[in-house]
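Here is how names work: the chains are called A, B, and so on, in the same order as the sequence lines, proteins then strands, and each is numbered from 1.
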4 protein chains.
Amino acid sequence: MKKDRSEKYEEFLDAAISLIEEKGFDNTSVSQIVQRAGLAQGTFYLYFSSKAALAPAIAERIVEDAMARGEKKKLNQAENSKDFLRGLIELVFEITEDYQQIITFLYSGMSYYHSLEKWEAIYDPYYQWLEKIFEQFQKKGELRKKPDTTIMVQFTLGILEQSAETCYLFKRNNGDVDKIKKDLLEFILKGFEENTTA
Amino acid sequence: MKKDRSEKYEEFLDAAISLIEEKGFDNTSVSQIVQRAGLAQGTFYLYFSSKAALAPAIAERIVEDAMARGEKKKLNQAENSKDFLRGLIELVFEITEDYQQIITFLYSGMSYYHSLEKWEAIYDPYYQWLEKIFEQFQKKGELRKKPDTTIMVQFTLGILEQSAETCYLFKRNNGDVDKIKKDLLEFILKGFEENTTA
Amino acid sequence: MKKDRSEKYEEFLDAAISLIEEKGFDNTSVSQIVQRAGLAQGTFYLYFSSKAALAPAIAERIVEDAMARGEKKKLNQAENSKDFLRGLIELVFEITEDYQQIITFLYSGMSYYHSLEKWEAIYDPYYQWLEKIFEQFQKKGELRKKPDTTIMVQFTLGILEQSAETCYLFKRNNGDVDKIKKDLLEFILKGFEENTTA
Amino acid sequence: MKKDRSEKYEEFLDAAISLIEEKGFDNTSVSQIVQRAGLAQGTFYLYFSSKAALAPAIAERIVEDAMARGEKKKLNQAENSKDFLRGLIELVFEITEDYQQIITFLYSGMSYYHSLEKWEAIYDPYYQWLEKIFEQFQKKGELRKKPDTTIMVQFTLGILEQSAETCYLFKRNNGDVDKIKKDLLEFILKGFEENTTA
DNA sequence: CATGAATGAGACTTCATTCAT
DNA sequence: GATGAATGAAGTCTCATTCAT
């Protein structure tokens with residue numbers, strides 16, 4: 001089993017992600033995955049030690065995708081915290097729309113299939129990257145210093161993910177997605193912004 | 001299949017919840033459930049039409065439990081919004097600690113096993129109950145009017161659940177749970193409180 | 001378990017026959033039968049020692065029904081062999097139309113569920129009754145003497161049942177049922193009638 | 001699932017036929033079949049999509065067997081209609097002796113497990129083959145023209161199958177099987193033969 | 001007599017994984 | 001490396017039958 005992404009590794013991952021997004025992890029069989037990938041049953045086990053090994057691989061893929069999109073959006077070059085947050089909101093909503101089911105599965109599958117350390121290692125770069133940006137704006141004096149950036153990232157991602165999920169899962173608030181985003185922006189800013197009124 | 005909660009219905013539910021909490025839904029078999037419940041295999045199907053029918057039943061149970069605990073905590077009689085939120089934070093953290101895995105499963109199982117309408121019907125009383133309390137404090141002038149209570153509840157529950165989950169799943173912030181709760185309180189209040197400083 | 005036909009005994013039999021006719025014996029469960037009969041699960045076993053005990057009871061019912069219809073048609077008072085056969089053809093087609101699936105099941109279930117002697121005892125009155133009529137016409141000189149009446153009955157019933165079954169099962173020959181009946185009449189008469197041409 | 005008769009496909013079919021012959025279709029389980037075939041449980045489903053898929057496969061096998069035996073007997077090269085019929089009687093009795101229970105099951109299982117069209121397609125070659133032979137003798141002037149060959153075949157097969165079944169199922173007429181065959185021959189000839197006496 | 005909740009054996013089927021080619 | 005037929009354990013669910021009320 002090689003982990004350095006070969007062509008077939010990626011094909012299996014693509015197939016797996018699209019199937020799990022459609023039917024959930026447990027309702028997706030290895031044979032469906034290999035069929036969609038157009039490869040042979042046995043070949044799967046040349047690239048993944050087991051079906052369960054897909055979970056961290058998928059998480060990795062999503063984290064990388066999120067960061068790539070964030071950099072394409074030039075989040076770290078945002079002029080001010082408001083613009084940055086606006087971009088982050090877009091990012092989280094996009095990712096959630098694309099990987100909704102997968103993400104929820106990843107949360108539920110985490111503890112059973114793998115060690116938590118493994119998961120933390122996977123998500124760490126993403127968190128670190130965001131913390132760094134928050135720090136920038138703290139230094140610039142746009143954001144408060146009190147909850148440290150770890151917490152800020154945690155809270156921000158928390159509401160954003162949950163809200164995006166609610167938006168796409170239950171299609172209530174339908175059409176008002178933009179209003180939700182606006183409310184979120186305001187809510188988070190109020191929570192973290194330096195009191196500029198004083 | 002009778003759904004009016006009989007003694008055995010509850011026994012099956014107890015067994016199912018504890019097992020799913022331990023191993024996840026798909027890794028829990030009906031035979032394990034009946035074994036833990038001390039009943040016969042066939043009896044299970046007298047109370048649940050299928051294994052999948054457990055999901056909404058569990059959700060119902062949790063919602064009822066949450067509301068019962070909330071009422072015991074007299075959340076709706078809180079003197080001010082700060083006390084109320086403090087209580088709500090406690091509530092969400094407690095529920096999450098007890099039902100952590102189950103809740104994540106419920107999110108992931110929703111779309112595959114049942115209609116969204118069913119889920120909304122189950123969760124509705126809980127949301128309504130909270131919205132009503134938020135309204136009280138809006139009327140008292142303690143909370144802002146702008147994001148309507150639906151959104152307030154959604155955001156508040158969103159960060160609380162996500163944060164509690166993060167706390168208990170990854171045991172980082174360990175010991176600092178109290179600090180997290182304090183930060184959450186402050187963050188939410190800043191986001192929704194009427195500017196009393198002016 | 002009483003075998004002398006009580007009201008409930010007949011109700012179970014009615015329910016069983018209609019269900020088996022719809023879905024076959026093995027796809028019909030005792031619980032479906034009691035439900036259609038409007039009685040309780042346990043009550044079934046007061047009237048039938050087991051599900052398998054239905055088979056001979058049903059056969060009995062059909063044989064009785066066939067003979068009752070035959071007597072109502074006054075088959076034994078037919079003026080000549082042609083009229084008699086015409087009536088018999090009608091009878092077999094009617095019975096087959098009403099009990100099609102059941103009859104085939106009875107054939108297939110015979111050997112597994114019960115002793116052949118039991119079956120012969122059930123069908124015997126029917127055969128005897130027909131043999132007696134054939135004899136009348138033999139004595140009158142309308143039918144040949146050579147294949148004895150046992151064989152005549154066997155052959156006649158054989159083609160009639162098979163043909164009726166084919167007509168109703170495969171709906172080919174559709175509409176031509178009358179033509180089939182005419183052909184059957186002619187065929188059987190040619191086979192058994194005394195050569196009146198000489 | 002491959003249907004092109006592989007070695008294992010035939011092994012499963014052999015095992016299934018012998019078991020069903022012994023105990024009937026519904027009393028035969030897939031595990032018994034695989035056990036008798038000496039293969040694994042899962043392998044069965046590589047060759048048959050379900051247990052029900054056995055039914056048409058078995059029918060196909062029997063039809064092919066019947067035609068192969070018929071050709072070996074050179075039925076279509078019979079010198080006259082009498083010889084042909086004698087051969088056909090032998091054939092039907094042999095087949096019925098070998099596949100007695102199976103054939104009855106096929107009749108009863110037809111409607112529940114599969115579309116009638118499927119069944120007709122399976123049996124069609126057999127009927128066509130026989131019709132062609134009957135036609136030969138019609139053209140030679142040995143058989144009457146009036147009931148068309150479709151009907152002739154239907155009637156002939158009808159009595160033969162029913163009689164053979166009766167012979168082997170109820171073992172009455174025991175020893176007299178030859179007499180039955182003689183009577184059948186005479187009966188059918190009388191029914192279809194051209195009046196050569198005139 | 002009648003009831004119907006409870007039982008538990010057993011049926012069908014799926015699927016992750018292996019291994020000879 | 002790649003293949004895909006074969007495996008057999010395990011899962012969900014049904015159902016004939018019993019028995020306490």
Side-chain angles (χ1 to χ4, degrees), chain A residues 1-2 6-8 25-35 37-54, chain B residues 1-2 6-9 12 25-35 37-54, chain C residues 1-2 6-8 25-35 37-54, chain D residues 1-2 6-9 12 25-35 37-54:
Chain A
M1 185 194 53
K2 39 186 175 181
S6 71
E7 197 185 340
K8 282 180 184 149
F25 183 75
D26 288 276
N27 298 319
T28 296
S29 67
V30 174
S31 76
Q32 287 164 348
I33 294 172
V34 300
Q35 195 176 329
L39 293 165
Q41 191 89 357
T43 311
F44 179 86
Y45 290 88
L46 258 32
Y47 295 87
F48 298 89
S49 62
S50 73
K51 188 190 172 191
L54 279 171
Chain B
M1 186 193 48
K2 25 188 176 176
S6 70
E7 197 185 341
K8 291 198 174 116
Y9 177 92
F12 281 127
F25 183 75
D26 290 280
N27 300 317
T28 297
S29 68
V30 174
S31 21
Q32 288 164 352
I33 294 171
V34 300
Q35 194 174 332
L39 293 163
Q41 189 90 3
T43 311
F44 177 85
Y45 292 90
L46 255 34
Y47 296 88
F48 299 91
S49 61
S50 71
K51 188 190 172 189
L54 279 172
Chain C
M1 184 193 54
K2 41 185 176 183
S6 72
E7 198 185 339
K8 283 180 183 150
F25 182 75
D26 288 277
N27 298 318
T28 297
S29 66
V30 174
S31 77
Q32 287 164 350
I33 294 170
V34 300
Q35 196 175 327
L39 293 164
Q41 192 90 358
T43 311
F44 179 86
Y45 290 87
L46 258 32
Y47 294 87
F48 298 90
S49 62
S50 72
K51 188 190 173 191
L54 280 171
Chain D
M1 184 195 48
K2 24 188 176 174
S6 69
E7 198 186 339
K8 289 194 176 122
Y9 177 91
F12 281 126
F25 182 76
D26 290 280
N27 299 317
T28 296
S29 68
V30 174
S31 24
Q32 288 163 351
I33 294 171
V34 300
Q35 194 175 332
L39 293 163
Q41 190 90 359
T43 311
F44 178 85
Y45 291 90
L46 254 34
Y47 295 88
F48 299 90
S49 61
S50 71
K51 188 191 171 190
L54 279 172

Across all strands shown, which nucleotide pairs with dA6(E) by Watson-Crick or G-U wobble geometry, both distances under 3.5 Å?
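For dA6(E), the partner nucleotide comes out as dT17(F), under the 3.5 Å rule.
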Tell me whether the side-chain N/O atoms of [X] come closer than 4.0 Å to OP1 or OP2 in [N].
| X | N | result |
| --- | --- | --- |
| K8(A) | dA2(F) | yes |
| Y47(D) | dA5(F) | no |
| Y45(D) | dT7(F) | no |

Main-chain N/O of L46(B) paired to K8(B) side chain as donor or acceptor, under 3.5 Å
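Not at all, since once roles are kept as given, no pair shorter than 3.5 Å links the two residues.
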Starting from the C-alpha separation in whole Å, work towards a yes-or-no answer on side chain to side chain contact (heavy atoms under 4.5 Å, CB included) for T43(C) and V34(C).
CA-CA 8 Å; T43(C) 311; V34(C) 300; over 6 Å; no
Nearest of [options] to any side-chain atom of [X]?
| X | options | answer |
| --- | --- | --- |
| S29(D) | dT17(E), dC12(E), dC15(E) | dC12(E) |
| S50(D) | dC12(E), dT13(E), dT17(F) | dT13(E) |
| Q41(A) | dT13(E), dG4(F), dA11(E) | dG4(F) |

Rounded to whole angstroms, how far apart are [atom1] on [X] and [atom2] on [N]?
| X | N | atom1 | atom2 | result |
| --- | --- | --- | --- | --- |
| Q35(D) | dA11(E) | CD | C1' | 15 Å |
| L54(C) | dT17(F) | CG | C1' | 14 Å |
| N27(C) | dC13(F) | CG | P | 19 Å |
| F44(C) | dT3(E) | CZ | P | 14 Å |
| I33(C) | dC15(F) | CD1 | P | 11 Å |
| L46(B) | dC15(F) | CG | P | 14 Å |
| F48(D) | dC12(E) | CZ | P | 14 Å |
| D26(C) | dA11(E) | CG | C1' | 12 Å |

For DNA chain E, whose closest nucleotide is more 5', that of L39(B) or that of S31(D)?
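Mapping each residue to its closest nucleotide by heavy atoms, the 5'-most match is L39(B).
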Base, sugar-phosphate or nothing for T43(D)? Non-hydrogen atoms, less than 4.0 Å.
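Since a base atom lies under 4.0 Å of T43(D), the category is base.
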Taking dC1(E) as the reference, what is the distance to dT21(F) when you measure between their C1' atoms (whole Å, please)?
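Looking at atom C1' only, dT21(F) and dC1(E) are 13 Å apart.
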Given the ring of Y45(A), does K51(A) sit roughly above its face, with NZ or CZ under 6.0 Å from the centre of the six-membered ring and within 45° of the axis?
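No, K51(A) does not lie over the aromatic ring of Y45(A).
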Interatomic distance, F44(C) atom CZ to S49(C) atom OG [nearest 0.5 angstrom]
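Those atoms lie 8.5 Å apart.
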With under 30° as parallel and over 60° as perpendicular, where do the rings of Y9(B) and F48(B) fit, or are they tilted in between?
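Rings of Y9(B) and F48(B): parallel, under 30°.
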Closer to the 5' end of DNA chain F via nearest nucleotide, is it A40(A) or A52(B)?
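The residue mapped nearer the 5' terminus is A40(A).
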